[in-house]
Amino acid sequence: MLYGEYDRHLARIEQQLGISLSSRGNQITLSGPSDAVAVARATLNALYDRLGRGLSVDNAEVDAALRFATTAVAAGDTRAESQFGGAAAIQTPRRHISARTPGQKDYINALRKNELVFGIGPAGTGKTYLAVATAVSMFVSGQVDRIILSRPAVEAGERLGFLPGDMRDKIDPYLRPLYDALYDMLPPEQVVNRLGSGEIEVAPLAFMRGRTLSNACVILDEAQNTTHVQMKMFLTRIGENSRMVITGDLSQIDLPSGTDSGLRNAVNIISDVDGVAVVNLTARDVVRHPLVTKIVEAYDRSENKAEGRAGNTRPRE
């Protein structure tokens with residue numbers, strides 16, 4: 001189980017670290033640069049500990065253990081394997097969800113400790129998925145009575161009326177990622193029943209005005225597409241015994257040109273308020289296909305170059 005079918009887990013560690021692993025029975029020989037060998041040793045120990053706790057190991061878990069071990073070894077941690085073994089985890093009815101990067105570990109811990117959390121980062125970092133998982137876990141354990149998931153339907157505008165169907169049919173395409181996360185963590189029949197009873201509510205941001213959201217875990221996704229006024233409205237909806245999570249990617253703002261993002265403004269204004277946490281995830285926290293990480297990094301480099309050129313062309317004062 002540790003080695004993987006046809007030793008594919010060992011091969012993955014070899015490929016990622018540029019070292020040689022050879023196995024004979026229950027013994028593994030590691031050959032290569034000392035730092036890389038230390039990372040491989042910590043990775044294997046962490047995965048073995050995970051199996052000992054009755055959890056599965058697949059390619060994604062191997063990659064996660066490698067990330068934790070690499071970060072820990074670079075920081076001089078003598079028990080690097082403990083970083084992954086003790087990573088934050090969320091239990092939902094359908095999945096045991098573990099942090100797969102140090103950044104995700106910080107994010108999950110922030111979700112547990114704070115009443116209001118901003119999760120900011122590029123696509124694929126688990127911002128929304130981990131927020132929904134936390135909400136489901138709190139709901140199932142009885143910490144909250146409701147889950148409320150919201151998104152701004154920025155692209156809709158006047159075009160919303162041209163989509164077929166009633167209002168529910170028109171707004172569902174914008175909220176589909178939230179439904180997908182719910183179905184990943186709860187049995188399908190429970191999702192349908194909870195949606196019908198109102199215990200789980202998925203609605204566009206405009207539907208939040210005038211409400212007080214008590215005893216609920218409230219998530220606003222794609223918050224980079226809110227205006228300053230919309231964000232202030234949403235933040236002031238929080239009620240007694242509620243948690244609120246705001247997620248977004250400031251590099252993908254779809255607002256009209258010249259309109260400030262409510263997410264950026266809110267982080268600047270209230271990040272120092274007690275009970276508020278801001279977690280910034282980066283390309284290193286992307287846990288989708290490895291190509292996504294490379295794409296995010298390539299865009300970051302391109303945007304940084306463009307900003308540098310713009311700075312160089314500004315007239316001197």
Side-chain angles (χ1 to χ4, degrees), residues 71 75 83 86-88 90 99 101-135 137-138 143-144 146-152 154 205-206 208-255 258-286 296 300 303-304 307 311:
T71 301
Q83 293 295 319
I90 305 168
T101 70
Q104 286 191 351
K105 182 178 180 180
D106 293 340
Y107 184 44
I108 292 175
N109 288 333
L111 291 170
R112 288 174 173 165
K113 296 176 182 177
N114 298 275
E115 294 173 301
L116 173 59
V117 177
F118 290 90
I120 302 172
T125 51
K127 306 181 300 296
T128 303
Y129 192 82
L130 293 175
V132 174
T134 300
S137 178
M138 293 179 68
Q143 293 175 261
V144 296
R146 293 183 296 163
I147 299 173
I148 300 175
L149 311 175
S150 184
R151 273 184 142 196
V154 168
L205 177 60
M208 298 295 109
R209 187 173 295 279
R211 301 177 61 184
T212 299
L213 308 175
S214 303
N215 299 307
C217 190
V218 189
I219 300 171
L220 175 60
D221 191 32
E222 298 290 345
Q224 75 276 3
N225 289 328
T226 61
T227 64
H228 175 76
V229 172
Q230 288 174 327
M231 179 60 75
K232 182 180 178 182
M233 177 275 291
F234 186 80
L235 291 172
T236 53
R237 299 307 94 199
I238 190 168
E240 198 71 28
N241 188 40
S242 287
R243 295 289 183 91
M244 187 172 280
V245 187
I246 316 291
T247 68
D249 178 2
L250 290 172
S251 70
Q252 296 192 38
I253 298 174
D254 299 317
L255 294 169
T259 304
D260 289 336
S261 168
L263 175 60
R264 179 179 283 117
N265 287 337
V267 170
N268 291 335
I269 293 169
I270 67 171
S271 60
D272 294 332
V273 173
D274 189 37
V276 177
V278 178
V279 180
N280 288 290
L281 301 168
T282 69
R284 293 189 298 273
D285 298 302
V286 173
V296 171
D300 285 344
E303 288 165 5
N304 289 337
E307 290 175 1

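Along the sequence shown, residues carry numbers from 1. The model shown is predicted, which means the values in this text are computed figures rather than measured ones.
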- Query: Can Ile148 and Met208 be said to form a side chain to side chain contact (heavy atoms under 4.5 Å, CB included), step by step?
  - Reply: CA-CA 10 Å; Ile148 300 175; Met208 298 295 109; 4.1 Å; yes

- Can Arg284 and Thr101 be said to form a side chain to side chain contact (heavy atoms under 4.5 Å, CB included), step by step? CA-CA 8 Å; Arg284 293 189 298 273; Thr101 70; over 6 Å; no

- Message: Please evaluate residues Leu281 and Val279 with respect to the criterion side chain to side chain contact (heavy atoms under 4.5 Å, CB included), reporting the C-alpha separation (whole Å), side-chain torsions for both, the decisive distance (0.1 Å), and the verdict.
- Response: CA-CA 6 Å; Leu281 301 168; Val279 180; 4.2 Å; yes

- Message: Does Val245 form a side chain to side chain contact (heavy atoms under 4.5 Å, CB included) with Thr134? I'd like the steps, not just the answer.
- Response: CA-CA 10 Å; Val245 187; Thr134 300; over 6 Å; no

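Residue pairs that meet the salt bridge (Lys or Arg N to Asp or Glu O under 4.0 Å) test with at least one member in residues 217-235, sequence neighbours left out, are Arg151-Asp221, Arg151-Glu222. The list of salt bridge (Lys or Arg N to Asp or Glu O under 4.0 Å) pairs with a residue in residues 107-134, not counting sequence neighbours, is empty.
Considering every non-hydrogen atom in both Pro122 and Val286, the closest pair reads CG-CG2, 4.4 Å. Here the closest non-hydrogen pair linking Ala110 and Val117 is O-CG2, 3.4 Å. Asp249 approaches Gly121 most closely through the heavy-atom pair CB-O, 3.2 Å. Nearest heavy-atom pair, Tyr107 versus Ala131, reported as atom, atom and distance to 0.1 Å: OH-CB, 3.8 Å. Of all heavy-atom pairs between Val278 and Ser271, the closest is CG2-CB, 3.8 Å. The shortest non-hydrogen separation linking Ile147 to Ala135 is CD1-O, 3.6 Å.
For the atom pair CD (Gln230) and CG (Leu255), the distance works out to 8.0 Å, reported to the nearest 0.5 Å. Atom CD1 in Ile253 sits 7.5 Å away from atom CG in Asn225 (nearest 0.5 Å). Here CZ of Arg237 is found 12.0 Å from OG of Ser242. Values are rounded to the nearest 0.5 Å.
Two residues are said to be in side-chain contact when any heavy atoms from C-beta on lie closer than 4.5 Å; Leu111 and Arg243 fail this criterion. In this structure, Ile238 and Leu213 have side chains that are not in contact, with every pair of non-hydrogen atoms separated by 4.5 Å or more. Taking the side chain as every heavy atom from C-beta outward, Thr226 and Met233 never approach each other to under 4.5 Å. Using a 4.5 Å cut-off on side-chain heavy atoms (C-beta onward), Leu235 and Leu116 make contact. Considering only heavy atoms from C-beta on, Ile90 stays 4.5 Å or farther from Tyr129 through its side chain. Counting heavy atoms from C-beta on, the side chains of His228 and Ile269 come closer than 4.5 Å. Under the 4.5 Å side-chain criterion, counting only non-hydrogen atoms from C-beta, Leu130 is in contact with Gln104.
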Taking only distance into account, with no hydrogens and no angle test, what donor-acceptor pairs under 3.5 Å do side-chain atoms of residues 259-266 form with protein atoms, sequence neighbours excluded?
{"unit_1": "Thr259", "atom_1": "OG1", "unit_2": "Pro256", "atom_2": "O", "d": "3.2"}
{"unit_1": "Ser261", "atom_1": "OG", "unit_2": "Gln224", "atom_2": "O", "d": "3.0"}
{"unit_1": "Ser261", "atom_1": "OG", "unit_2": "Leu263", "atom_2": "N", "d": "3.2"}

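If you check the side chains of Asp285 and Thr125, you find no donor sitting under 3.5 Å from an acceptor.
Residue-environment remark: CG (Asp272) stays at or below the threshold of 12 foreign heavy atoms within 6.0 Å.
Judged by distance alone, with hydrogens and angles left aside, the side-chain atoms of Ser150 form no donor-acceptor pair with the main-chain N or O of Leu220 at under 3.5 Å.
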